[in-house]
Amino acid sequence: MNDTIALEIVNKIFQSVFESNNLFSLDVLLEKFAFDIKLPKRVIDSTTNEVTWADSVHSGLFIKNENMLQRDKNIGWMLPKREIYKLQEIIDIWNTINYTTTERVYDSLGVMQSDTIYRCINVYRSTDCRDSRNIVYCDSCGNSEYLLASQRSGNCNYCIRTDDSRDCSNSYNVICSNKISHSFFIQDCSDLYECMFCSHISSKRFCIANMQFEEEEYYAIKKAIIEWILTS
C-alpha cells in the first residue's frame, strides 16, 4: 500500500458512486469527506524515533508492534527483581516498559498508517477494521470493500461516508440505514434504490426528499447533485 494505490482505490469508488474520476488529493479527501472520522494519529516510536500510527494517543510512550515483537524475541520484557520500598518506585519501573503498541496489524496485507486491523487487504489510514479490502479513512468497518470515509458499518461496498449502516452499495452519505443502493443523503431508511435526501422510508425508488419522482426527472436532478457534491 502507498499513496498511489490509495488514490487508485478512491478513484474506483468515485467511478462507482459518482460516475466520475476523483480529482482530489488524499489531503483534500481527508478534509472534505473524512473530517469527522476517528483515524489513527501520527506519533513517534519512543524506542527508535521513527514515525508510527496509533488509534490511542494518550500515552507518552509508543512502540511499533514489530519493534515490540522484536524486543520480545531478542531480550524479552521481563526485568530482574529488585527491592521495592515505596509505591512510586513501582510506578517508575512500570514507566520504563509501559509502551503503547502501535500499528497493530494481524493477518493482513498492504496496510499503511493504520492501527488495529484484522484480516484485511489494502488499507490506508484506518482503524479497527476487519475482513475488508480496499478501504481508505475508515473506522470500525467489517466485511466490506471499496469504502471511503465510513464508520461502524458492515457488508458495504463502493460507498462514501456510510455510517452505522449495513448492506449498502454505490452510495454516498448514508446514516443508520440498511439495504441502500445507488443513493445519496439517506438517514434511517431501508431497501432504497436510486433515492436522495430521504429519511424514515422503506422500499422506494426514485424518491427525493421523500417525494416520488419520475425516473427521467430523478436522473436529471441527480446529475446536478453530483456536480454540487464534487464542486462545493
If you count heavy atoms of other groups shown closer than 6.0 angstrom to CD of Glu227, is the number above 12? no

How about Glu19: does its CD atom have over 12 heavy atoms from other parts shown lying under 6.0 Å from it? no

Carboxylate-amine/guanidinium contact Arg82 Glu89, below 4.0 Å: no

With rounding to the nearest 0.5 angstrom, report the SG to CG distance, Cys156 to Asn143. 10.0 Å

With distance as the sole test, does Ser177 use its side chain to make a donor-acceptor pair with the main-chain N or O of Ile175 at under 3.5 Å? yes

Do Met1 and Ile117 land in one hydrophobic cluster if side-chain heavy atoms of ILVMFWY residues count as linked below 4.5 Å? no

Find out whether Met112 and Arg125 are in side-chain contact, i.e. whether some heavy atom of one side chain is under 4.5 Å from a heavy atom of the other. no

Carboxylate-amine/guanidinium proximity below 4.0 Å for Asp115 and Arg104: yes

Just wondering, are more than 12 heavy atoms of other shown residues or ligands nearer than 6.0 Å to CH2 in Trp94? no

Does atom CZ (Arg130) have a neighbourhood of more than 12 heavy atoms from anything else shown, all under 6.0 Å? yes

Can you give me every donor-acceptor pair (side chain of residues 35-44, partner residue at least two apart or in another chain, under 3.5 Å) with its distance?
from, atom 1, to, atom 2, distance (Å)
Asp36, OD1, Arg161, NH1, 2.9
Asp36, OD2, Arg161, NH2, 3.1
Lys41, NZ, Leu39, O, 3.3

So does Asp167 pair up with Lys179, basic N to acidic O under 4.0 Å? no

If you round to the nearest 0.5 Å, how far is SG of Cys189 from NZ of Lys204? 11.0 Å

Between Thr52 and Asp45 (side chain of the first, backbone of the second, donor and acceptor by atom type, cut-off under 3.5 Å), is there such a pair? no

Any donor and acceptor pair, going by atom type alone, linking the side chain of Glu31 with main-chain N or O of Val28 inside 3.5 Å? no

Under a 3.5 Å cutoff, is there a donor and acceptor pairing between the side chains of Ser132 and Ser144? no

Using 30° and 60° as the class limits, which term best fits the ring planes of Phe24 and Phe14: parallel, tilted or perpendicular? perpendicular

Rounded distance [0.5 Å steps], CD in Gln113 versus OG1 in Thr127: 13.0 Å

Kindly say whether Ile13 contributes a backbone atom to a donor-acceptor pair with the side chain of Ser16 at under 3.5 angstrom? no

To the nearest 0.5 Å, what is the distance between CD1 (Ile5) and CG (Asn2)? 4.0 Å

Do Asn22 side-chain atoms and Asn11 backbone N/O form a donor-acceptor pair below 3.5 Å? no

Is it true that Leu147 and Phe184 fall in one hydrophobic cluster, defined by side-chain heavy atoms closer than 4.5 Å? no

How many angstroms lie between atom CZ of Arg119 and atom SG of Cys129, to the nearest 0.5 angstrom? 11.5 Å

same_hphob_cluster(Phe185, Tyr158) at 4.5 Å side-chain heavy-atom cutoff: yes

Leu23 with Leu29, same ILVMFWY side-chain cluster at under 4.5 Å: no

Would you please say whether a donor-acceptor pair under 3.5 Å links the side chains of Asp191 and Ser203? yes

Answer whether the closest heavy-atom distance between the side chains of Phe18 and Ile229 falls below 4.5 Å. yes

Sub-4.5 Å side-chain heavy-atom contact between Tyr99 and Phe62: no

Assigning hydrophobic clusters by single linkage (Ile, Leu, Val, Met, Phe, Trp, Tyr; side-chain heavy-atom cutoff under 4.5 Å), is Tyr219 placed with Phe197? yes

Without hydrogens or angle criteria, can the side chains of Asn67 and Glu50 be said to hold a donor-acceptor pair below 3.5 Å? yes

NZ of Lys32: more than 12 outside heavy atoms within 6.0 angstrom? yes

Looking at Met78, I'd like to know if its CE atom is crowded, meaning that more than 12 non-hydrogen atoms belonging to other residues, nucleotides or ligands lie closer than 6.0 Å. no

Between Phe213 and Tyr218 (judged by ring centroids, cut-off 6.0 Å), do the two rings come close enough to count as a pair? no

Do the ring planes of Tyr193 and Phe206 sit parallel (below 30°), tilted (30 to 60°) or perpendicular (above 60°)? perpendicular

Answer whether the closest heavy-atom distance between the side chains of Leu61 and Thr47 falls below 4.5 Å. no

Just checking Glu216: does its CD atom have more than 12 heavy atoms from other residues, nucleotides or ligands closer to it than 6.0 angstrom? no

Main-chain N/O of His182 paired with Ser171 side-chain donor or acceptor, under 3.5 Å: yes

Could you check if a side-chain atom of Leu109 sits within less than 4.5 angstrom of a side-chain atom of Asn122, using non-hydrogen atoms only? no

Is any side-chain heavy atom of Tyr172 closer than 4.5 Å to one of Thr162? no

Kindly say whether Cys138 contributes a backbone atom to a donor-acceptor pair with the side chain of Ser126 at under 3.5 angstrom? yes

Residue pair Asp128 / Asp139, side-chain heavy-atom distance below 4.5 Å: yes

To the nearest 0.5 Å, atom OG1 of Thr4 lies from atom CG of Leu26 at 9.0 Å

In the structure I gave you, are the side-chain heavy atoms of Met196 and Ile225 within less than 4.5 Å of one another anywhere? yes

Assess, by modelled atom type and distance only, whether the side chains of Asp55 and Thr116 contain a donor and an acceptor separated by less than 3.5 Å. yes

Donor on one side chain, acceptor on other, Asn134 and Tyr146, under 3.5 Å: yes

Answer yes or no: is there a donor N or O on one side and an acceptor on the other, between the side chain of Ser140 and the main chain of Arg152, under 3.5 Å? no

